[in-house]
2 protein chains.
Amino acid sequence: MNVNFNNRDPVYLQIVRYFKEKIAIGELEPGQEIPSRRELANRMKVNPNTAQRAYKEMEEQGLIYTEKNHPSKITTDNKILGQVRTELLVEAVDQFVTSVRSINVPVEELLDLVKEKYTENSEKEV
Amino acid sequence: MNVNFNNRDPVYLQIVRYFKEKIAIGELEPGQEIPSRRELANRMKVNPNTAQRAYKEMEEQGLIYTEKNHPSKITTDNKILGQVRTELLVEAVDQFVTSVRSINVPVEELLDLVKEKYTENSEKEV
DNA sequence: ACAAGTGTATGAACTACTTAATACACACAC
DNA sequence: GTGTGTGTATTAAGTAGTTCATACACTTGT
């Protein structure tokens with residue numbers, strides 16, 4: 001439950017993102033129970049309302065569901081779950097391409113940069 | 001002088017970015033005069049103080065210089081100018097790679113996505 | 001009954017950023 | 001000199017979004 005919050009983006013969105021990543025890589029499975037609002041807040045050292053806000057956001061996106069007086073659980077809707085990875089990917093690529101389009105970079109140079117940066121240090125982290 | 005401001009980032013930073021892009025692609029040349037604070041504010045429909053803030057930021061970064069009572073000009077320091085493109089590129093790549101690392105994407109899939117998105121519609125825009 | 005743990009709701013407080021109103025010093029054109 | 005256009009500085013107010021404090025309702029275990 002380690003999250004490195006940056007200062008620019010709202011914390012509750014960073015929490016949402018954290019869960020989406022876990023879902024995308026299969027670390028969170030359909031129907032799996034996630035920490036209660038208060039427990040998450042404790043673990044992540046954020047205000048309980050911030051945790052609530054994050055969960056509310058996830059609920060609205062259909063990522064989790066909540067039964068009365070029980071901690072929320074990851075949705076069992078495989079369609080939604082499958083879309084998470086794609087969504088994160090497409091989002092990142094779109095933003096990257098958009099921000100880089102205006103600089104007129106040859107595509108080969110771009111791909112080389114990405115490849116180098118992406119594979120760099122990949123041994124250490126395994 | 002068309003800038004599409006987004007709501008998330010401060011306007012003055014988006015203005016700085018706009019100029020950096022123009023510098024990066026060589027559309028703004030060393031020593032070239034840029035609009036006065038008030039004129040820029042008019043054109044971009046922002047408050048003069050916001051324009052001032054952007055120019056101040058650029059001045060601190062050494063991108064522009066200002067002689068008494070004259071509109072600012074692009075720096076003639078080729079070292080700085082050359083770094084702008086690299087800076088924008090590295091920044092974009094870093095952010096992209098960081099945001100995508102957590103999803104465990106095979107490098108080939110990633111490069112394909114970027115390539116496809118980047119070259120898509122490239123005919124229409126020429 | 002009671003305590004502890006759920007989710008939920010409401011309104012206030014805080015923060016960063018933007019906008020705004022003015023003011024000042026200077027230079028140049030007329 | 002007067003007017004206009006530069007850059008610059010100061011201070012206040014407004015705004016949107018986030019975070020926080022607090023309270024409430026419900027369930028379960030004891």
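Just so it is clear, the values below take in all heavy atoms, side chains as well, and ignore hydrogens, waters and symmetry mates. Every chain is numbered from 1, with letters handed out A, B, ... down the list of sequences.
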Taking every non-hydrogen atom, the tightest pair across B/Leu28 and B/Phe19: CD1-CD2, 3.6 Å
Contact under 4.0 Å: B/Thr50 side-chain N or O vs C/dT19 OP1/OP2: yes
Nearest-angstrom distance from the residue atom OH of A/Tyr12 to C1' of D/dG17: 8 Å
Separation of atom CE in B/Met58 from atom C1' in D/dG7, rounded to whole Å: 14 Å
Distance below 4.0 Å between A/Arg53 side-chain N/O and D/dT19 OP1 or OP2: no
Interatomic distance where CZ belongs to A/Phe5 and P belongs to D/dT18 [whole Å]: 14 Å
Residue-phosphate contact under 4.0 Å: B/Arg37 side-chain N/O, D/dT8 OP1/OP2: yes
From D/dT19, D/dA25, D/dT8, nucleotide with atom closest to A/Asn69 side chain: D/dA25
Sugar-phosphate, base or nothing in reach of B/Tyr55, heavy atoms under 4.0 Å: nothing
B/Asn49 side chain, from C-beta outward: closest of C/dT18, D/dT10, D/dT8: D/dT10
C/dG5 phosphate, OP1 or OP2, under 4.0 Å from A/Ser36 side-chain N/O: no
Nearest to side-chain heavy atoms of A/Thr66, which nucleotide of C/dC17, C/dG7, D/dT19: C/dG7
5′-ward residue of the pair A/Asn47/B/Lys68 relative to DNA chain D: B/Lys68
Residues B/Gln61 and B/Glu57: side-chain donor-acceptor under 3.5 angstrom: yes
Worked verdict on A/Glu59 versus A/Lys56 for salt bridge (charged side-chain N to carboxylate O under 4.0 Å, His left out): CA-CA 5 Å; A/Glu59 188 126 28; A/Lys56 188 181 178 188; over 6 Å; no
Interatomic distance where CD belongs to A/Gln14 and P belongs to D/dG17 [whole Å]: 17 Å
Residue whose closest nucleotide on DNA chain D lies nearer the 5' end, A/Arg38 versus A/His70: A/Arg38
Separation of C/dC24 P from B/Gln52 CD (nearest whole Å): 18 Å
Rounded interatomic separation in angstrom, taking CD from A/Glu67 and P from D/dT27: 13 Å
Selection from C/dT18, D/dG7, D/dT19 that lies nearest to any side-chain heavy atom of A/Val11: D/dT19
Parallel, tilted or perpendicular: rings of A/Phe96 and B/Phe96 (30°, 60°): parallel
Residue that, paired with B/Ile23, satisfies side chain to side chain contact (heavy atoms under 4.5 Å, CB included) out of B/Ile80, B/Thr75, B/Leu81: B/Leu81
d(CD1, A/Ile34; P, C/dT6) in whole Å: 12 Å
Euclidean distance, atom CG of residue A/Leu40 to atom C1' of C/dG5 [Å, nearest integer]: 16 Å
Closest-nucleotide 5' rank along DNA chain C - winner of A/Arg8 and A/Ser72: A/Ser72
